[in-house]
Each structure stands twice: as C-alpha cells, then as structure tokens.
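Since the structure comes first, as structure tokens, the remarks are kept for the end.
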Amino acid sequence: LKLNGPQQLALNERLNRPQPRVAMGQALMEIASSCIDISDGLTADLGHILEQSRLGAMLYVDQLPISDTYREVFDLAGGWQLPLNAGDDYELCFTVPEDRLSKLEHIVSTMDIPITCIGMTESRPGLHLMMPDGSTVTVEPSGYDHFR
C-alpha cells in the first residue's frame, strides 16, 4: 500500500519500528495458556496456537485493534484482509483461561500496554470469523509463508 504524506509516514513508522512486548510476554508467563507474536499474520500465528492446542477459535473481526491511520485507508487497503493476514506486527496473541482473568486485569493495570479481547477459543475445530454484519465465515489461517 503506497500513500502520500502523514498516512504513509505513520504506517511506515509502525512497520519499521515495532515495539516488541517483551515485558508483557514475561508477565503473561504466569497466566497465559498460550502466547505467540504476530510476525507472520494474525490468522497464521493464531493457527499455530490452535493446531498445537487442538482447538478452534471464534474471532470477532470488529474488535481487532486497528490504527486510526489504517481506518482512514481501510477500503483502499483491502479492508479486513491486511489486519487478519499481514505480518510484521509483533504484537502478542495469547489465550488466558477464564479463571485467570483477574490476574490478567492486574497485570494490565500495572503496565502501560493496552490489550483487546478479540475472540474465544472453542472445542469446535477451525478458525471462524464473526464479521461486523453478524455473519460467520470459516477461514484457513493465512499469512507470510517463509517457504514460499
């Protein structure tokens, strides 16, 4: 995606200067049942978690945290395709059992790192997306493939 002016600068800054969540990852070691950085794309990296845990997941697409800059160019940039499948984000995707949510809330209150619940794991296999219009779509995890 090529833009002009401040939008391109904001997107380039985010791409070229990611902020690895090392402290958050260390804090999650005590409570998370899984955790991965989103380097190959959300659906690809979440797919690794699902495969290893033999679970499925429902993602609520309209809850995905996307920048104001991306919202401005949402349609031009391909809509949900980029937030779901693009890599080099380096945010953390993690799962926390319900009985540990109060511990997660405590961790979040002590760190200046926002988190967003974007879905739930489920016993039904596959990766399912709840779209903003309420429809549900089942997708194959997709993202950067190092061997292609």
Side-chain angles (χ1 to χ4, degrees), residues 1-28 31-51 53 55-98 100-122 124 126-146 148:
L1 179 64
K2 292 289 183 195
L3 303 169
N4 293 319
Q7 291 173 326
Q8 188 66 51
L9 290 174
L11 294 175
N12 285 349
E13 181 70 16
R14 184 80 171 111
L15 175 66
N16 295 327
R17 298 190 190 283
Q19 298 179 0
R21 305 302 187 188
V22 175
M24 177 62 90
Q26 291 172 329
L28 289 171
I31 63 165
S33 52
S34 67
C35 184
I36 192 168
D37 76 325
I38 304 172
S39 57
D40 294 337
L42 174 60
T43 64
D45 290 320
L46 175 58
H48 298 312
I49 289 175
L50 300 179
E51 181 180 341
S53 59
L55 292 171
M58 175 66 74
L59 287 185
Y60 307 110
V61 172
D62 61 349
Q63 293 183 27
L64 293 178
I66 59 175
S67 70
D68 291 338
T69 302
Y70 187 78
R71 286 184 196 284
E72 292 172 15
V73 297
F74 185 82
D75 292 326
L76 178 65
W80 294 110
Q81 190 69 16
L82 202 58
L84 288 168
N85 299 318
D88 289 331
D89 192 23
Y90 303 103
E91 293 294 343
L92 297 178
C93 176
F94 60 92
T95 59
V96 174
E98 284 187 67
R100 297 183 197 156
L101 288 178
S102 62
K103 292 179 182 178
L104 176 62
E105 289 170 4
H106 175 73
I107 288 170
V108 170
S109 71
T110 63
M111 303 180 94
D112 188 26
I113 301 173
I115 65 165
T116 304
C117 177
I118 61 169
M120 306 279 289
T121 58
E122 53 188 26
R124 174 178 60 150
L127 179 54
H128 314 282
L129 307 177
M130 175 72 69
M131 303 306 290
D133 66 2
S135 64
T136 303
V137 179
T138 301
V139 297
E140 286 295 318
S142 175
Y144 182 76
D145 182 349
H146 298 271
R148 234 186 319 174

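Please read all numbers here as calculations on a predicted model, not as lab measurements.
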Can you confirm whether [X] sits close enough to [Y] that some side-chain heavy atom of one is under 4.5 Å from a side-chain heavy atom of the other?
X    : Y    : value
I49  : F94  : no
I107 : I115 : no
H128 : L59  : no
W80  : P132 : yes
Y70  : L82  : yes
D37  : E91  : no
Y90  : S39  : yes
I38  : L92  : no

Answer yes or no: is there a donor N or O on one side and an acceptor on the other, between the side chain of D45 and the main chain of D40, under 3.5 Å?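 Indeed, once roles are kept as given, a pair shorter than 3.5 Å links the two residues.
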Distance, nearest 0.5 Å, that separates [atom1] of [X] from [atom2] of [Y]:
X    : Y    : atom1 : atom2 : value
L64  : T116 : CG    : OG1   : 9.0 Å
E72  : I66  : CD    : CD1   : 11.0 Å
L55  : R124 : CG    : CZ    : 12.5 Å
R100 : S33  : CZ    : OG    : 6.5 Å

Show the nearest heavy-atom pair for residues [X] and [Y], with the distance to one decimal.
X    : Y    : result
M111 : A27  : SD-CB, 4.2 Å
V96  : I31  : CG1-O, 4.2 Å
L50  : T121 : CD2-CG2, 4.5 Å

I36/H48 under side-chain contact (heavy atoms from CB on, under 4.5 Å): CA gap, chis, key distance, verdict: CA-CA 9 Å; I36 192 168; H48 298 312; 3.9 Å; yes
From CA spacing to verdict: side-chain contact (heavy atoms from CB on, under 4.5 Å), M131, V137: CA-CA 7 Å; M131 303 306 290; V137 179; 3.9 Å; yes
Just do the side-chain contact (heavy atoms from CB on, under 4.5 Å) check on L84 and V139 with the steps written out, would you? CA-CA 11 Å; L84 288 168; V139 297; over 6 Å; no
Are more than 12 heavy atoms, taken from residues, nucleotides or ligands other than Q81, located less than 6.0 Å from that residue's CD atom?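 Not more than 12 within 6.0 Å, no.
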Derivation of the side-chain contact (heavy atoms from CB on, under 4.5 Å) call for L127 and M58: CA-CA 6 Å; L127 179 54; M58 175 66 74; over 6 Å; no
